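To start, the structure itself, in structure tokens.
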Amino acid sequence: MEARTGRESAAGAAADAVVGSVARSTARDWAELLRLPALFTVPGDALAGAAAAGVRPNRRTLLALTSSLCLYEAGMALNDWADRADDAIERPERPLPSGRIPPPAALTAAAALTATGLALASRAGRPALAVAGTLAGTVWAYDLGLKRTPAGPAAMAAARGLDLLLGATATAGPGDSARARHALPSAGALAAHTLAVTVVSRREAEGGSSAAPLAALAVTTALGRIVGGRQGSGSRPTGGGAGVTDEARAGTSAGARAGARTSTDAALRTRTPSHAPRQALRAALALAYVATAAKPLFHAVLNPSPPLTQRAVGGGIRAMIPLQAALAARAGAMGTALFTAALAPAARKFARKVSVT
């Protein structure tokens with residue numbers, strides 16, 4: 001009986017210690033644990049997915065976006081919980097090894113955020129919940145085991161691609177999975193960037209290799225050319241018959257009146273003014289993407305020290321915003337592209353206060 005009472009007292013003391021530690025944790029401690037500045041890179045996933053699906057953002061897009069935010073932060077908390085032993089040696093100033101946030105609190109936060117993210121996705125329909133469930137499973141598998149294996153970077157890349165597909169699937173709705181499939185190329189581009197950055201991040205604590213940042217620099221350059229280059233005459237699918245542009249209608253009318261040659265000339269004359277600003281915006285966003293990622297990567301190639309490697313990773317994370325904006329512009333969603341690009345200054349500002357790596 002006395003032994004049982006002693007065990008209960010010890011358990012109670014441990015619980016009180018955890019509660020007391022959580023109470024002493026500040027908002028800045030949690031902001032550092034959850035890497036809040038990196039949150040600005042998340043909304044663009046859902047918005048770029050909606051743009052690629054050819055559907056205007058709607059209520060389901062907002063559900064996908066908030067679900068993504070929850071799942072992203074769940075991954076951040078779980079990552080530090082899983083890495084607490086390594087961080088005690090390599091990064092003792094982090095919230096968990098420093099004792100500012102107790103590990104059980106971080107794990108509880110990860111579970112609660114995951115459940116919330118899945119609940120939000122379920123309100124956007126079963127297809128969205130299926131994608132969110134796969135995304136959540138990928139995040140947990142990465143943090144709890146895959147991260148330290150050769151499959152780690154691929155798992156992280158898959159998670160980012162799935163996040164974009166979540167936005168596309170939710171926005172298109174349960175009955176229009178065909179539109180969601182149009183987002184696969186955009187998801188692939190975002191996944192390729194994430195793969196390159198994740199490979200670099202695997203050596204951010206010790207540095208010592210120029211190969212990973214050099215490869216990431218090559219990927220960045222290639223993606224910049226893809227998303228910023230001229231696109232063919234085909235247009236993205238849009239809802240409500242909007243895929244037939246005004247220029248095409250004008251060309252068809254002219255052709256009916258004056259023949260095929262006249263219609264072609266008319267289409268070219270009417271298409272050029274509307275496509276020039278669109279192409280200029282795509283090129284500008286692609287340039288912003290390359291500039292954000294390439295400079296710190298180039299420095300890490302020349303000197304792969306831990307500080308410069310960490311800066312390269314941070315630059316790669318922030319570069320996701322102009323990449324998402326360029327993908328939206330490539331799909332023809334100019335308003336979405338501009339809104340997404342506007343998140344970049346806020347990300348830079350807050351990154352000076354709280355590290356994103």
Side-chain angles (χ1 to χ4, degrees), residues 40-58 61-62 64-65 68 160-161 163-172 179-194 219-240 242-248 270-294 315-348:
F40 291 98
T41 71
V42 178
D45 288 349
L47 295 174
V55 184
R56 291 181 180 275
N58 51 41
T61 311
L62 181 60
L65 193 154
S68 295
R160 203 80 201 206
D163 201 33
L164 188 146
L165 290 176
L166 173 59
T169 303
T171 305
R179 287 189 181 277
R181 288 195 290 272
H182 286 289
L184 286 173
S186 292
L190 192 61
H193 173 77
T194 304
V219 171
T220 298
T221 303
L223 287 175
R225 294 190 64 179
I226 291 172
V227 300
R230 291 187 177 276
Q231 197 172 14
S233 60
S235 61
R236 71 189 181 102
T238 52
V244 182
T245 62
D246 293 338
E247 293 87 346
T270 56
R271 179 176 281 183
T272 301
S274 63
H275 279 230
R278 181 179 300 179
Q279 176 60 34
L281 178 60
R282 284 180 54 195
L285 291 172
L287 182 61
Y289 159 64
V290 173
T292 303
I317 293 173
R318 291 191 301 275
M320 288 183 182
I321 297 177
L323 176 57
Q324 293 157 345
L327 290 171
R330 188 170 186 266
M334 298 297 108
T336 297
L338 291 172
F339 176 82
T340 303
L343 297 173
R348 283 196 301 269

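Quick caveat: nothing in here was measured; it's all calculated off a predicted structure. Here, residue 1 is the first one in the sequence, and each next residue gets the next number.
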### Message
If I compare all heavy atoms of Thr220 with all of Ala293, which pair ends up nearest, and what's the gap?
### Response
CG2-CB, 3.9 Å
### Query
Between CZ of Arg330 and CD1 of Ile226, what distance do you get to the nearest 0.5 Å?
7.5 Å
### Summary
For Leu164 and Ala48 the tightest heavy-atom approach is CD1-CB, 3.9 Å
### Task
Check side chain to side chain contact (heavy atoms under 4.5 Å, CB included) between Ala286 and all other residues, then give those that pass, not counting sequence neighbours.
Val227
#### Entry: Pairing residues for Ser68 by the side-chain hydrogen bond (donor to acceptor under 3.5 Å, both in side chains) criterion, not counting sequence neighbours
Asp163
## Note on the structure
Closest non-hydrogen atoms of Ala189 and Leu223, given as atom of the first, atom of the second and distance, are O-CD1, 3.6 Å
### Task
Could you pull out the closest heavy-atom pair between Thr171 and Ala50, with the gap in Å?
OG1-CB, 3.5 Å
### Message
If we ignore hydrogens and angles and just use 3.5 Å, is the side chain of His193 paired with the main-chain N or O of Gly316 as donor and acceptor?
### Response
yes
Using distance only, find each side-chain donor-acceptor pair of residues 320-328 under 3.5 Å and give its atom names and separation, not counting sequence neighbours.
unit_1, atom_1, unit_2, atom_2, d
Gln324, NE2, Thr41, O, 2.7
Gln324, NE2, Asp45, OD1, 2.6

### Task
Not counting sequence neighbours, which residues clear side chain to side chain contact (heavy atoms under 4.5 Å, CB included) with Ala294? List them please.
Leu217, Val290
Scan the side chains in residues 336-346 for donor-acceptor partners under 3.5 Å anywhere in the protein, sequence neighbours excluded, and list what turns up.
unit_1, atom_1, unit_2, atom_2, d
Thr340, OG1, Thr336, O, 2.8

### Message
Minimum heavy-atom separation for Ala172 and Arg179, please, with both atom names.
### Response
CB-CB, 4.1 Å
### Task
Please name the pair of heavy atoms, one in Gly49 and one in Ala168, separated by the smallest distance, quoted to 0.1 Å.
O-CB, 3.3 Å
### Message
Restricting to side-chain hydrogen bond (donor to acceptor under 3.5 Å, both in side chains), what partner residues turn up for Thr169, sequence neighbours left out?
### Response
none
### Thr61 and Asn58, any side-chain heavy atoms less than 4.5 Å apart
yes
